[in-house]
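Report on the structure given below.
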Amino acid sequence: EKPEVALLMQHRAMLFGIAGGVMMVASFEREMRVPAIVMASLSITGFLMLYLVTGIESHPVMRLDAIALLLLAVTAVGHFRQQQTEELSS
């Protein structure tokens, strides 16, 4: 591989690490949950859009990302329902 490609892949791995760290913090810190859900959703949606635009054949990563996006949607709905319930009870 070219050094430029290796550098880009290392940078991508670093960004995934940062995103994963934010999501881990969000699992314990409620105020970080919405930003973490938005960040992860944008990242996954961006990948899926690029995947669709390029016309590359079906790939397991694409399917896993589609499942992850659905799970994020379920998480977001659960978070907002819990927030509404807490607001109504206080």
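All heavy atoms count here, side chains included; hydrogens, waters and symmetry mates do not. Index from 1, following the sequence.
R81 CZ: 12 or fewer foreign heavy atoms inside a 6.0 Å radius. Atom CE of M49 is surrounded by 12 or fewer heavy atoms from other residues, nucleotides or ligands within 6.0 Å.
Residues I56 and Y51 share a closest heavy-atom pair of O-OH, 3.3 Å. Heavy-atom minimum distance, V22 versus A36: CG1-CB, 4.0 Å. Across every non-hydrogen atom of L48 and D65, the tightest pair is CD2-CB, 4.0 Å. Nearest heavy atom pair, residue R12 against residue F47, reads NH2-CD1, 4.2 Å.
When hydrophobic clusters are built by joining Ile, Leu, Val, Met, Phe, Trp and Tyr residues whose side-chain heavy atoms come closer than 4.5 Å, directly or via intermediates, V25 is grouped together with M23. Cluster annotation: V38 is connected to F80 through the hydrophobic network of ILVMFWY side chains, with a link wherever side-chain heavy atoms come within less than 4.5 Å. Hydrophobic clustering places V61 together with L69 (ILVMFWY residues linked when any side-chain heavy atoms are closer than 4.5 Å, directly or through intermediates).
For the atom pair L72 CG and L42 CG, the distance stands at 10.5 Å (nearest 0.5 Å). Of the inter-residue distances, the one linking L70 atom CG with T75 atom OG1 reads 10.5 Å to the nearest 0.5 angstrom. Note that CD of Q82 and CD of E87 are 11.0 Å apart. Values are rounded to the nearest 0.5 Å.
No donor-acceptor pair closer than 3.5 Å links the side chain of S43 to the backbone N or O of M39. A donor-acceptor pair is defined here as one N or O able to donate and one able to accept, closer than 3.5 Å; such a pair exists between the side chain of S27 and the backbone of M24.
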Q: Under the side chain to side chain contact (heavy atoms under 4.5 Å, CB included) rule, what do R33 and Q83 come out as? Steps first, then yes or no, please.
A: CA-CA 11 Å; R33 289 183 186 159; Q83 200 172 26; over 6 Å; no
